[in-house]
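Written below as C-alpha cells is the structure these notes are about.
We name chains A, B, ... by the order of the sequence lines, and we start the count at 1 in each one. Worth knowing before you read on, the calculation uses all heavy atoms, side chains too, and leaves out hydrogens, waters and symmetry mates.
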Amino acid sequence: MVKIRATAAEAPFPPDEPEAEPTETLPLSQRAMRRRPAEYLDALNPEQRDAVESLDGPLLVLAGAGTGKTRVLTTRIAHILSLGLARPGEILAVTFTNKAAREMKLRVSQLIGGVVEGMPWLGTFHAIGVKVLRRHAELVGLKPSFTILDTDDQIRLIKQLLAAENIDEKRWPARMLAAMIDGWKNRGLVPKRVPDGESFAFASGKARDLYALYQRRLKELNAADFGDLLLENLRLFQEHPDVLEKYQQRFRYMLVDEYQDTNVAQYLWLRLLAQGSDNVCCVGDDDQSIYGWRGAEVDNILRFETDFPGAKIIRLERNYRSTGHILGAASGLIAHNQGRLGKTLHTTGADGDKVEVAGCWDDEEEARVIGEDIEQLQRQGHTLNEVAILVRASFQMRAFEDRFITLGLDYRVIGGPRFYERQEIRDATAYFEVTLNPANDLKFERIVNTPRRGLGEATLKSLHQLARARGVPLTQAARLIVETEELKPKARKSLADLIGAFDRWRALIDGMSHTELAELILDESGYTAMWQADRSPQAQSKLENLKELIRFMDEFDTLAGFMEHVSLVMDAATEEGTDRVNLMTLHSAKGLEFDTVFLPGWDEGLLPHQRSLDETGRSGLEEERRLAHVGLTRARKRAKITFAQNRRNHGMWQTALPSRFIDELPVDHVEVAEDKGMRGYGPSRFDTAENVFASGFYDTPGWQRAQRNRQQGATPSAPRRDPLTIEGTLVAASTAAGAGLDIGTRIFHQKFGYGRVAQVDGNKLTVDFEKAGRKMVVDSFVERV
DNA sequence: AACTAATACTTTTTT
DNA sequence: AGTATTAGTT
C-alpha cells in the first residue's frame, strides 16, 4: 500500500538525484532528459505520439476503449517534464476517480524514474477543489478548517431545515431536496440563479429559498458539501479575478481525463483556468459517457471545438485490448447510438472467440451457469483475477455471492459498500471529528446518544433550541445547559460527562500518537463496548472494521490529516495478491480490463434500465447502450452475455425479455448457446420491448398516494398543533426580552410554568417557580409575561 | 427514554 | 424479502 502524505506539502521538484552538472541550474527534469533520450516516445503509435507531442494550444483526444488513453496522458506529462517546459507544480491534471488519480501518479513516476513525489495538482476535481478552497476559504465565507459533509450529514441538515420551515417531510422528502440541490450545484447554479420552474418542483416553490437557507447553514457550520467543493471554487474564481489569475499563471499545462464525464460546474471551472494558458488537453470517449444521471454533460465533449477555438482533435482508434469478435460486437452495438462523434475501432489482433449469448431460467441459474464456466476456466489454468462479472445493478451481485460461497470460489466485490460509508466507521470518525472540531454539530448529533446515554429526543430538542437562540454550536449549548437545572439530573450528568470526555480527548491531541488517541476515544466513549456487548452476527465484523480503521490511520501523520482523507477519498484500497473473481457494477468497471468478462442480466428493463427509460427517454436508452458497450469492451479475450427469463425483484417473480441490445449485436460476432431447450429469442420480441416505455407506473399505489397528497395540499387543512412555530415565537420573544430580565420579573417557562426571577448570572437565571420551586434555567427558555 | 410492533421503502449508477 | 424508520407502549 502506498504511504499517503497527510498534508501534501507543495513540494518543489525534489532534488533527489546527484548533481551531475553543479554549475548549471537547469531543471532536474531537463538534465534527466539529456542523459536519457525520449525512448518513451518510441513505444507509441503515430496518433498517440501526436497526442503527446502536440503541446501547444487546446487538444481533444478522442480515445476509444482500449486505445491507450492513460498511456497518452501519462506520457504527455512525462514529456512536458522532460522538456523542462513546466515543473510538476505547474501542471494541473484532473481525473474523475481517486483510483485513476492513483494510477496516473504511479505511472508518471515510473516514466520519470520514480522521483516525482510532488505532482501536487494531480487529483480528482474534488480533491483539487478542496485544496484551492482551503487556501482562500475566507473569500467564500468559510474558515480554512472547514469540514466536508457526507451524504448522511447533508440529509440530516436538510431535515432540520424542513422542520424549521414547517414543511411536511412526508410529502417533500429531504433526499429529494438534497438531490435537487446536488443537481443545481452540478450545473454551477447558485440559489438565485435557480430557474423558477425548478424551484416550484419542491414544496410549492420554496426550493430556491431552502437552497439559499441550506447554503447559509453550511457557512454557519463552517462546512461544505461535495457539490460546494466545485461550486464555491467557481464562485471564488468568478468573484476574485486576482485569485483566478494566480492559478491561471501557475498552471501552464492542463490535462483532463474522462472529459465526457465532466459536469457543467467542472467545465466552467476548467474554462476559467484555461483562459490563462490554453494548453488544455482533454481526453475522453463520448461512447463511454455513463454518468449523465449525475450531471455529466456529453455536450462538453461534443462542443469542444467551439469552446476552445483552434482546438486540435486526435482520434485514437487502434484498440490493443480486445480480440476482433469482441470489438466487432461492441462496435456494432454502439453504432445504434445517434449523436456521437464517431470512431471506428479496429484491431490488428486475432479474431478470437465469438461473444457468447445464453439464456437462463432465472437469476439463480444464471449464477450457476457462470459459476460452472468459471470453474471450467480455472481447471484450464486461468487465474481468477482475470475473470470479472459485470452487473447493471448491485442487487444482482447477491445471487453470485451466494453461488460462489457454496462453490468455495474466492471473489472480491469492487466498489461495493464503501468502507467509510459503513455505520461503525462513520460513528467512529464522527467521534474523531468532534474531538478535533467541537463545532461540528452534525457529527455531534450523530453520536450524542450512540452508545445510549439517555440523551434522547427531548434533550436534543432543548439543546437545539438553546443553540439556535444563542447562535452557538451544540457543544457550546451543552456546556451552558449542564450548568442549569434545565435537564433531568440523569441527562444532565450524562451530557456533562460527554462534554468533559471530549475536552479531555482534545487536550490529548498533541500529547499522544493519533492512533492511540483514537483507540482511547473509542474505548472511553463506550463505543467499542457497545459492539462487544452486541450479540448479533455482524457485531464481530464491525469490531474488525474498527480495528482496520485504526490500522489504516497509522498511514497518516496526524488525526487531522486522516480526517481530510476520509471525507474525500471514500474508497479503501482493494486488496490484491489473492486470486479472486472480480464482481462489480458496469459503472465501476470503467477503465478496467479482464481476459474474461461475464455480462449477466441483459434483460429488458434491467440493462436498458427501466428507470433510465422512464426518466430520460431516448437519451437514457443511449446511455444504457453505452453502458453495455463499456461492459463488452472490458474483455480482452472472452465475453459471455446472459439473460434470465425470470427475476425476483421485490420478492415478486417477474418475467423479463432479453435485452434489445442482444438483438443489436452483429450476428457475425455472436454465438448463441441454445443449450437448455430454452425458448429462443427472436426479433418479434422487439415490439414488446417498446411497450416497456409505457409500462404501468401510473396505477401503482405510490402514484395514487402522491395524487391524494397533492389534493390535500391544495385544500387548506385545519391548523394543526405546531411545535415549531411555538418554538419560533418563543425564541423571538426571549431574545428580545433577554436583556431586561431583572430580579423580580415574572416569567413563563415551558416546563416549570410561571415564576419570578430571583437571581441573574449572565444568561443563567435562578427562578422561583410557583409550582416547581427554585430552579436554575437559561434565559432563552423563559418568556416575560 | 427505551423497547416493541407496525409500516414504508427499497434496488442504478458515485465524487 | 429484507431493512429502516416510525408509532405506540411501558
Under 4.0 angstrom, heavy atoms only, what part of the nucleic acid is A:H609 near: base, sugar-phosphate, or nothing?
sugar-phosphate

What's the CZ-C1' distance between A:R611 and B:dC9, to the nearest Å?
12 Å

With 3.5 Å as the limit, what N/O pairs link the protein to nucleotides 1-6 of chain B?
unit_1, atom_1, unit_2, atom_2, d
B:dA1, OP1, A:G454, O, 3.4
B:dA1, OP1, A:G456, N, 2.8
B:dA1, OP1, A:T459, OG1, 3.4
B:dA1, OP2, A:A458, N, 3.3
B:dA2, OP1, A:G454, N, 3.3
B:dC3, OP2, A:R452, NH1, 3.3

Expressed in angstrom and rounded to an integer, what is the separation of A:D150 atom CG from B:dT14 atom P?
16 Å

CZ of A:R398 versus P of B:dT10: gap in Å, rounded?
18 Å

Integer-rounded Å distance: B:dT15 P and A:N263 CG:
14 Å

If I take atom CG in residue A:L583 and atom P in nucleotide B:dT13, what distance separates them, rounded to the nearest angstrom?
13 Å

So, the side chain of A:D603 versus the backbone of A:L606: is there a donor-acceptor pair under 3.5 Å, distance only?
no

Atom CZ of A:R134: over 12 foreign heavy atoms under 6.0 Å:
yes

For A:Q288, side-chain contact (heavy atoms from CB on, under 4.5 Å) partners two or more places apart:
A:A65, A:Q260, A:D285, A:K590, A:V630, A:R634

Strictly distance-based, threshold 3.5 Å: is any side-chain N or O of A:D362 a donor or acceptor partner for the main-chain N or O of A:E365?
yes

Between A:T97 and A:A393, name the one whose nearest nucleotide on DNA chain B is closer to the 5' end.
A:A393

Under the side-chain contact (heavy atoms from CB on, under 4.5 Å) rule, collect the residues that match up with A:T124, sequence neighbours excluded.
A:T95, A:N98, A:H126, A:A127

Side-chain donor or acceptor of A:S588 paired with backbone N/O of A:M584 under 3.5 Å:
no

Between A:Y291 and A:W293, how do the two ring planes meet: parallel, tilted or perpendicular, split at 30° and 60°?
tilted

For B:dT13 and A:S394 - does any side-chain N or O of the residue sit under 4.0 Å from the phosphate oxygens OP1/OP2?
yes

Please produce a list of atom pairs where a protein N or O lies less than 3.5 Å from an N or O of nucleotides 3-9 of chain C.
none

Without decimals, in angstroms, what is the distance between A:R626 CZ and B:dT13 C1'?
13 Å

In whole angstroms, the gap separating P of B:dT11 from CZ of A:F395 amounts to 10 Å

So, using salt bridge (Lys or Arg N to Asp or Glu O under 4.0 Å) as the criterion, who are the partners of A:R156 when residues are at least two apart?
A:D153

note: A:R175, atom CZ; B:dC9, atom P; distance rounded to Å ~ 11 Å

Mind checking salt bridge (Lys or Arg N to Asp or Glu O under 4.0 Å) for A:R403 and listing every partner two or more places apart, or none if nothing turns up?
none

Checking all strands, does A:F125 fall into the base, sugar-phosphate, or nothing category for heavy-atom contacts under 4.0 angstrom?
nothing

Using the P atom as the reference point in each nucleotide, state the distance between B:dT13 and C:dA4 in Å, no decimals.
16 Å

